[in-house]
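Data first, discussion second: the structure below is written as structure tokens.
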Amino acid sequence: ALGALAGFAEADLGERRARALVVREFGRAACVPGALELLFDPDAAVRREAVLFLARPELREAELAARVEALARTARTDLE
């Protein structure tokens, strides 16, 4: 899943969506910093996959403060 985050911004829409799905399905705590960046992607489907990954309970304490802040900000501002 870390490999899916490498060069993410340069990928086309279809590839970004596929990579975001890989992160959601297979990502672990090491993917949290990169997944936080996905919340700024212009595509709502990519942002949705990032939210689902970042909200996973098994991540427990992994970057907890950053995840909570990012998810709260996204909930307030992302209208899609």
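Numbers here are sequence positions counted from 1.
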>> Membership question, hydrophobic clusters at under 4.5 Å side-chain separation (ILVMFWY): are V51 and L5 in the same one?
In response: yes
>> Taking L39 as the starting point, is it possible to reach V23 by hopping between hydrophobic residues whose side chains are less than 4.5 Å apart?
In response: yes
> Taking R47 for the side chain and L38 for the main chain, is one N or O donor matched with an acceptor at less than 3.5 Å?
Replying inline: no
>> Keeping R56 on the side-chain end and R24 on the backbone end, is there a donor-acceptor pair under 3.5 Å?
In response: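 Side chain of R56 to backbone of R24: a pair is present.
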Could you pull out the closest heavy-atom pair between [X] and [Y], with the gap in Å?
{"X": "A4", "Y": "R19", "result": "O-CD, 3.1 Å"}
{"X": "A29", "Y": "P33", "result": "O-CD, 4.0 Å"}
{"X": "A50", "Y": "A35", "result": "CB-O, 3.8 Å"}

> If you measure from OG1 on T74 to CZ on F40, what distance do you get to the nearest 0.5 Å?
Replying inline: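 The distance works out to 7.0 Å.
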>> Rounded at 0.5 Å granularity, tell me how far OG1 in T77 sits from CG in L79.
In response: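 That separation rounds to 7.5 Å.
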> Given F53, which of L36, L21, V22, V32 fulfils the side chain to side chain contact (heavy atoms under 4.5 Å, CB included) condition?
Replying inline: V32
>> If we check side chain to side chain contact (heavy atoms under 4.5 Å, CB included) with D41, which of these qualifies: R48, R17, E49, R16?
In response: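 Of the listed options, the one satisfying the test is R16.
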